[in-house]
> 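I have a structure I would like to understand better, so I am pasting it below and will then ask my questions one at a time.
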Amino acid sequence: MSAEAPRHFIQQIIEEHNAEQAWGVWNEHDAGPTDAPGPLGQAARQRLGKPRVHTRFPPEPNGYLHVGHCKSICLNYGLARLHGGKFNLRFDDTNPAKEEAEYVEAIMRDVRWLGAEFDPALGPFGGGLFFASDYFDTMYAYAEELVRKGKAYVCELSADEVSQRRGTPKQPATSPFRDRPAEESLRLLREMRDGRHSEGAMTLRAKIDLASPNFNLRDPVLYRIVHAHHHNTGDKWHIYPMYDWAHGFEDSIEHITHSLCTLEFENHRPLYNWFIDAVNDGRTADGSGPWGKKIWHSRQIEFAKLIPSYTLLSKRNLLRMVKENMVESWDDPRMPTVSGIRRRGYTPEAIWAFCEDIGVTKFDSVIDVTRLENACRDHLNKIAPRRMAVLNPLRVIIENYPEDRIEHFDVPNNPEDPSAGVRQVPFSREILIERDDFMEDPPKKFFRLSPGNEVRLRCAYWIRCERVIKDENGNITELRCTYDPDTRGGESPPPGPDGAIRKVKATLHWVDAARALPATVRLYDRLFTTEEPGKTTGNPFDDLNPEALRVLADARVEPSLAGITPDEPRWADGIRRFQFERHGYFCIDVPSWRADTRPFAQGALIFNRTVTLKDSWSKAGKS
RNA sequence: UGGGGAUUGGUGUAACGGUAGCACGACUGACUCUGGAUCAGUUAGUCAAGGUUCGAAUCCUUGAUCCCCAGCCA
C-alpha cells in the first residue's frame, strides 16, 4: 500500500485512532528487537513510540486460500506495513470436526508467497504465528467467570429444540434452563469440559436477550460438546468455543487494534463487544478487585469481500469442483485458489496491485476479472523475458536460403528493459511459423503471410510467400518462401533505385525447425462463461466453460528455453515466467506438490498460459 | 414481516456543505521489428421524489432496489 494510496474508510478510522492514540504507542516491550541488525531492528526502532496498529489474518484451517482471501491479507498486512505496525497470522482452529493440519501448512505457504511475512524473525512487520487453540485455557476461564457473574448458563435443550424455540422477529426465544443457579451451571460446565456428557447433550449459553431483533443476541452458544481429536490440542478438550465467543478474545490476547472482517459479521459486532464487556464487567484498570485487570478490547471493522466476475469462490463449490473432477486439483491453474493462480503464473506483485486497485468499501460489488488479468499483464510486461514459441506449427521452406547454412540472430530479451540484453536464436532454411499467421485467402485487414505477400520474421529476414503445398485432402502442409538478404536482422532494405521504400505490415515470430524444442502448452481461460455463475439457472456448474483448458501437445519453442539463461529474473518463488511474443505470458508448470522447482527434463517442457496479450486483431472479429 | 448494512459513468473508486475527480474498459489517432507495450485525445455518472441552504453526492423526510441474519459453522 503506497503512501499515495487512497484513504479508504478503514484507513481513515485508523488515522483518527492514531491521532488520539486510542491504542497507545509501541513501547520497548512490544516494539520488537530494536538492537537486531538489518530491517528487523530498523523496523522495531521506527516503531518505538508510534501509535499501535496491529492487524491479523485469521483463516480457519479447513480449506485452501483463494483470491478473496488475498484481499483480506493485503488489507491487513498492508495496513500494518503502512503504519509500521505488526501483522499476525492466526489460525482460527475452533472446530476440530472440520479442520485439518494439512491446511495449516498450505495456508502458511500461501500467505508467505503473497509477501505477508508474519514471523517476526523473518519480516519487519511480522507479529507472529498463532493458534486460537492455544488460548483455549484462557477462554475457558472467561467462561467460568461469566457463569459466576450470572451472565452464562448451561442449557440442556437439543439443537432441534433450540431451533424450534428460536422465535420470530417479534416472538422471543425461550429456554427453561435460563435461570438455573450459577453453581449448577458451573458444575455442569466442568462436567462438559471433562468429557462426561455426550455431544449435543448441553451447551453453555450467554444470558443476553431472548427477545433481541438481532438473533445473534438471543442467548448465543459459547461452548458445544465435541468429542473429536484436535490437530493442536489433541484430546485435551471435549468442548470447543464458538466463533463469536472465541474471536474477540483471540484479538484481545494478541492486542490486535483493528479486527477486520467481512460484511456478514456486521450483525455479530454487538456480540463481539458484549463478550469483551462482560469479562471486563467488574474488572479494573489496575487489576484491583475480585475479577482482576481489564482485558484488551479490539475494534471490529467490516468491509465488503471480493467478488470477482466469472469466478466461484465458496469453499463448498471449490471443493465440489475438485471432488467431481471438474478440475484436476486444488492447485489446478484454472482454480481461483492461491495455489492455483500461483501455478497459473500470476505474481504476488500483480495480486497486490489488483487488491490496491479495487479499493476497500462496504459495497458488495462484482469486480471484473479482467482487472486481475490486467494487473498481471502490467507486471509481467515489465519483467518477463521474451521468447519465441510456435504453438501450432506450420513448416516454411525458404527456397533461396542455402541448405547448409545456420545463422544466429540477436533477439532482445525485453524491449521494456534494454538492460536485459539479447540472446541468440538460430535460423536456417527450414523454419516453423504459427498456422494462424498464414491465410491462403486473406480478408482485407489481414497483414500477415499470404500468397505473394511479404512479412518480417522477427529479428531475422523478410520473406515472401511463393507457393502453398497441400496434401491430398487439401490441407496446407508447407509454405515455400523466399527471403531478401538485404533485410538481415529484420532491418528494412535500402530504398529502391526510384527511392521507393518497401514496407511490411507484420512481424511474425518463428522457430528454427531442426533446433526448436518440443513442448506442451496448456492454454487456460476462465472457468465460467457467465459473470455470475449460476445466476440464471441456479446451478453454477451449468455455466462451466468447456474450453477453460486447451492442451497443445505439438508446440515448438526456441532452444534457449532448454536451460536457465542469465537474463532471467530471479523469481522469488522459483516459477519461471516468460512472454511468448505475440501470444501472452506463460510459466513453466510447477505443481505445488513438487518439491524441486528448478530442474526439468528437456523434452518434457510444459508451459501454462497465465494470460494472453491483448489482441486487437481477434477482437476486430477477423473481418 | 423484525433487525443490520449498502446505492456516484460500462466497471471499480474519490469527494466529508463550495468546480463531481481518478483508474480500468471502450472508442479515435500517433508511434512501433510483438496487431503487445507506449503516448495523445474522446466517451459517459450522483437510485427516486420532496425539503433545508446563497449553494446538496454530502444534511433532513419519504420511497425504491440490493446484500446479510433465526448453525451446537466461521
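Atom set for the values below is all heavy atoms of this structure, side chains included, hydrogens, waters and symmetry mates excluded. Throughout, protein chains are lettered first and strands after them, A, B, ... in sequence-line order, and every chain is numbered starting at 1.
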> What one-letter contact string describes nucleotides 43-48 of chain B from 5' to 3', where B marks a base within less than 4.0 Å of any protein heavy atom, S marks contact via sugar-phosphate atoms alone, and - marks no contact?
------
> If you pin A:Asn381 and A:Ser365 to their nearest nucleotides in RNA chain B, which one's is more 5'?
A:Ser365
> Let me check something: any side-chain donor-acceptor pairs from residues 93-100 of chain A under 3.5 Å, sequence neighbours excluded? List them with distances.
unit_1, atom_1, unit_2, atom_2, d
A:Asp93, OD1, A:Ala132, N, 3.2
A:Asp93, OD1, A:Ser133, N, 2.9
A:Asp93, OD1, A:Ser133, OG, 3.4
A:Asp93, OD2, A:Ser133, OG, 2.7
A:Asp93, OD2, A:His231, NE2, 2.9
A:Asn95, OD1, A:Ala97, N, 3.2
A:Glu99, OE1, A:Asn95, N, 3.3
A:Glu99, OE2, A:Asn95, N, 3.1

> Could one point to a donor on the side chain of A:Gln579 or the base of B:U34 with an acceptor on the other under 3.5 Å away?
yes
> Report the residues that fulfil side chain to side chain contact (heavy atoms under 4.5 Å, CB included) with A:Val504, sequence neighbours left out, ordered by chain and then residue number.
A:Glu454, A:Arg456, A:Trp462
> Look for any protein N or O under 3.5 Å of an N or O in nucleotides 72-74 of chain B and output each such pair with its distance, or none.
unit_1, atom_1, unit_2, atom_2, d
B:C72, OP1, A:Arg166, NH2, 3.0
B:C72, OP2, A:Arg166, NH2, 3.3
B:C72, N4, A:Leu157, O, 2.6
B:C72, N4, A:Ala159, N, 3.0
B:C72, N4, A:Gly200, O, 3.2
B:C73, OP2, A:Arg224, NE, 3.0
B:C73, OP2, A:Arg224, NH2, 3.0
B:C73, O3', A:Arg224, NH2, 3.2
B:C73, O2', A:Asn95, ND2, 3.3
B:C73, O2', A:Lys98, NZ, 3.1
B:A74, OP1, A:Thr94, OG1, 2.8
B:A74, OP1, A:Arg224, NH1, 3.3
B:A74, OP1, A:Arg224, NH2, 2.9
B:A74, OP2, A:Tyr243, N, 2.9
B:A74, O3', A:Asp92, OD2, 2.7
B:A74, N6, A:His268, NE2, 3.3

> Between A:Arg56 and A:Glu250, is the closest basic N to carboxylate O distance under 4.0 Å?
no
> Given B:C67, B:A6, B:G35, which nucleotide is nearest the side-chain atoms of A:Phe363?
B:A6
> Could A:Arg526 and A:Glu373 be called an ion pair, given the rule that one side-chain N must be under 4.0 Å from one carboxylate O?
yes
> Taking only residues two or more places apart in sequence, or in another chain, which ones meet A:Asp410 in a salt bridge (charged side-chain N to carboxylate O under 4.0 Å, His left out)?
none
> Please list, chain by chain and in numerical order, all residues satisfying side chain to side chain contact (heavy atoms under 4.5 Å, CB included) with A:Arg180, sequence neighbours excluded.
A:Val154, A:Glu156, A:Phe177, A:Glu184, A:Ser185, A:Leu188
> Between A:Arg224 and A:Glu199 (salt bridge meaning N to carboxylate O under 4.0 Å), is one present in this structure?
no
> In terms of the nearest nucleotide of RNA chain B, which residue is placed more toward the 5' end: A:Leu508 or A:Phe9?
A:Phe9
> Where along residues 366-380 of chain A does a heavy atom come under 4.0 Å from RNA chain B, residue by residue in number order?
A:Val366, A:Ile367, A:Arg371, A:Asn374
> Considering residues at least two apart in sequence or located in another chain, which fulfil the salt bridge (charged side-chain N to carboxylate O under 4.0 Å, His left out) criterion with A:Glu349?
none
> Does the protein touch nucleotides 26-31 of chain B at the base, only the backbone, or not at all? Give it as B, S and - per nucleotide, heavy atoms under 4.0 Å.
SS----
> Going by the rule salt bridge (charged side-chain N to carboxylate O under 4.0 Å, His left out), which residues pair with A:Arg582 if we only count those two or more places apart in sequence or in a different chain?
A:Asp437
> Select base, sugar-phosphate, or nothing to describe what A:Asn267 touches, counting heavy atoms under 4.0 Å on all strands.
base
> With rounding to whole Å, what would you report as the distance between B:U43 and B:A49 at their P atoms?
25 Å
> NA contact type, A:Arg386, heavy-atom cut-off 4.0 Å: base, sugar-phosphate, or nothing?
base
> Starting at the 5' end of RNA chain B, what dot-bracket string do you get if Watson-Crick and G-U pairs under 3.5 Å are bracketed, crossing pairs use [ ], other-strand pairs use | and unpaired bases use dots?
.((((((..((((....[..)))).(((((.......)))))....(((((..]....))))))))))).....
> Looking at RNA chain B, which of residues 418-427 of chain A put a heavy atom within less than 4.0 Å of it?
none
> Say we look at B:C31 and B:C67: how far apart would their C1' atoms be, to the nearest angstrom?
47 Å
> So for A:Gln171 and B:G2, does any side-chain atom that can act as donor or acceptor lie under 3.5 Å from a complementary atom in the base?
no
